[in-house]
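Quick caveat: nothing in here was measured; it's all calculated off a predicted structure. To find a chain, count down the sequence lines: A is the first, B the second, and so on, and within it residues start at 1.
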Number of protein chains: 2
Amino acid sequence: MSVTTESTENFTERARVYQTADGAMCPHRLVLEHVTSRWGVLVLIELLDGARRFSELRRAMGRVSEKMLAQTLQTLERDGFVHRDAHPVIPPRVDYSLTPLGREAADRVRDLAEWTYRSLGEVFEARERYDARREDSAAG
Amino acid sequence: MSVTTESTENFTERARVYQTADGAMCPHRLVLEHVTSRWGVLVLIELLDGARRFSELRRAMGRVSEKMLAQTLQTLERDGFVHRDAHPVIPPRVDYSLTPLGREAADRVRDLAEWTYRSLGEVFEARERYDARREDSAAG
DNA sequence: CAGTATCCTCATGGATACTG
DNA sequence: CAGTATCCATGAGGATACTG
């Protein structure tokens with residue numbers, strides 16, 4: 001799986017190009033990165049509870065910058081996971097919601113996130129064991 | 001969900017500290033990032049097929065750098081997902097395998113990855129529609 | 001073989017200011 | 001309100017050389 005970057009004419013994103021050792025392309029890895037990205041995960045999970053406006057998402061996610069939220073939403077919209085509904089009113093109002101495809105992705109992402117949450121105790125215990133072992137071998 | 005970084009004394013990793021808007025900490029987000037990281041995903045999925053040596057993993061994943069593979073393996077080992085079995089022989093031989101906890105994570109990661117792979121067609125169609133819409137509004 | 005150590009690039013992503 | 005544009009810091013991550 002080698003990785004290079006290439007500029008795409010049409011989109012601002014500089015997309016990674018994934019390849020296996022034998023030269024086969026892996027475009028699905030890129031889609032996977034979109035749904036597992038730092039803010040993508042949170043957007044998908046938040047939208048499972050229903051449509052949200054831009055600023056509602058911002059507040060729900062704490063302090064993501066406008067830039068990153070906009071970028072994340074554009075990527076997810078382009079991939080067909082998120083539907084963008086812009087109302088032609090003043091002040092502007094834009095609602096984001098999951099497409100059926102997006103819901104399938106979000107369900108899986110939420111499953112993984114919830115598993116992670118449930119497993120946190122085990123992970124912390126493992127870390128303590130690991131760090132203790134390291135101290136031992138450092139001291140002894 | 002605000003994010004800052006903090007140096008951890010014991011580990012080389014500079015860990016992100018996640019917080020929701022109301023100040024609650026989200027350490028599970030960090031664990032989630034480990035299992036969904038670029039190389040973490042590939043390691044977990046590859047190890048679902050059985051134990052692998054360091055260089056076997058490198059080859060299977062194409063061209064990940066030694067540094068990144070080592071870092072990824074250490075993080076996954078510390079979190080308790082990967083078991084490291086170093087044989088005291090010359091030349092050195094180290095086998096990596098999934099722990100029971102790691103297998104649970106890997107199953108979910110593989111599920112998401114395979115779903116992504118199956119959905120690739122739909123994603124590409126969505127991208128074409130998105131790009132076409134963009135061209136229309138640019139031209140018209 | 002299985003890693004560390006070091007250096008270095010550049011893309012991620014935050015802060016700020018501005019606009020329809 | 002819902003973004004875009006711009007600038008900038010920093011850390012992810014690659015290349016290379018070295019070691020037990």
Side-chain angles (χ1 to χ4, degrees), chain A residues 1-8 11-19 30 33-34 36-43 51-59 61-75 77 82 84-96 134 137-138, chain B residues 1-8 11-19 30 33-34 36-43 51-59 61-75 77 82 84-96 134 137-138:
Chain A
M1 179 74 68
S2 81
V3 184
T4 57
T5 55
E6 230 176 48
S7 64
T8 55
F11 203 51
T12 54
E13 177 192 33
R14 283 178 69 87
R16 288 195 187 91
V17 178
Y18 283 97
Q19 254 174 303
L30 199 53
E33 282 196 4
H34 293 166
T36 61
S37 71
R38 192 127 131 241
W39 308 118
V41 169
L42 298 177
V43 166
R52 292 284 186 276
R53 303 176 62 179
F54 188 84
S55 49
E56 286 176 339
L57 281 173
R58 271 206 84 181
R59 275 191 296 273
M61 294 165 59
R63 288 192 100 158
V64 58
S65 66
E66 293 176 356
K67 178 185 155 188
M68 289 316 300
L69 181 55
Q71 203 176 98
T72 301
L73 286 168
Q74 278 175 25
T75 302
E77 187 196 357
V82 162
R84 181 176 184 277
D85 188 11
H87 302 90
V89 296
I90 293 184
R93 179 192 175 92
V94 182
D95 288 320
Y96 292 94
R134 286 221 138 189
S137 57
Chain B
M1 179 75 69
S2 81
V3 184
T4 57
T5 54
E6 230 175 47
S7 63
T8 54
F11 203 51
T12 54
E13 177 191 33
R14 282 177 71 86
R16 287 195 186 91
V17 178
Y18 283 98
Q19 251 174 303
L30 201 52
E33 281 194 5
H34 293 166
T36 61
S37 71
R38 192 126 132 243
W39 309 117
V41 169
L42 298 176
V43 166
R52 293 283 186 278
R53 305 176 59 176
F54 188 85
S55 49
E56 287 175 337
L57 281 173
R58 270 206 85 182
R59 274 191 297 275
M61 295 165 59
R63 290 193 96 158
V64 58
S65 66
E66 292 175 357
K67 176 186 157 188
M68 288 316 300
L69 181 54
Q71 202 173 99
T72 300
L73 285 168
Q74 277 175 24
T75 301
E77 186 196 357
V82 161
R84 181 177 184 276
D85 188 12
H87 302 91
V89 296
I90 293 186
R93 178 190 178 95
V94 182
D95 289 319
Y96 291 95
R134 285 220 140 189
S137 57

Could you state the [atom1]-[atom2] distance from [X] to [N], rounded to the nearest angstrom?
X: Arg59(B); N: dC1(C); atom1: CZ; atom2: C1'; value: 10 Å
X: Arg58(B); N: dC1(C); atom1: CZ; atom2: C1'; value: 12 Å
X: Trp39(A); N: dG13(C); atom1: CH2; atom2: P; value: 8 Å
X: Phe54(A); N: dT4(D); atom1: CZ; atom2: P; value: 8 Å
X: Asp85(A); N: dG3(D); atom1: CG; atom2: C1'; value: 16 Å
X: Glu33(B); N: dG13(D); atom1: CD; atom2: P; value: 10 Å
X: Met68(A); N: dT6(D); atom1: CE; atom2: P; value: 18 Å

- Message: Is the shortest side-chain heavy-atom distance between Val82(B) and Thr75(B) below 4.5 Å?
- Response: no
- Message: Less than 4.5 Å apart, side chain to side chain, heavy atoms only: is that true for Leu57(A) and Leu73(A)?
- Response: yes
- Task: Kindly write out the residues that satisfy salt bridge (charged side-chain N to carboxylate O under 4.0 Å, His left out) with Glu56(B), not counting sequence neighbours, or none if the list is empty.
- Result: none
Sequence-distant partners of [X], side-chain contact (heavy atoms from CB on, under 4.5 Å), two or more places apart:
X: Arg84(B); answer: Glu77(B), Ala86(B), Val94(B), Tyr96(B)
X: Ser65(A); answer: Lys67(A), Met68(A)
X: Ala51(A); answer: Ser97(A)

- Stems formed with participation of DNA chain D [Watson-Crick or G-U wobble, under 3.5 Å, three or more pairs]: C:1-20 with D:1-20
Quick one: which of [options] gets closest to the side chain of [X]?
X: Arg53(B); options: dG13(D), dG13(C), dC1(C); result: dC1(C)
X: Ala70(B); options: dT4(C), dG14(D), dA2(C); result: dT4(C)
X: Val94(B); options: dA2(C), dT4(C), dG14(C); result: dA2(C)
X: Arg84(A); options: dG13(D), dG3(D), dG13(C); result: dG3(D)

OP1 or OP2 of [N] less than 4.0 angstrom from a side-chain nitrogen or oxygen of [X], does that happen here?
X: Tyr96(A); N: dC1(D); value: no
X: Arg38(A); N: dG14(C); value: yes
X: Gln74(A); N: dT4(D); value: yes

- CD/Gln71(A) to CH2/Trp39(A) distance, rounded to the nearest 0.5 angstrom? 12.0 Å
- Scan nucleotides 15-20 of chain D nucleotide by nucleotide, 5' to 3', and note B when protein non-hydrogen atoms come under 4.0 Å of the base, S if they reach only the sugar-phosphate, - if neither. B-B--B
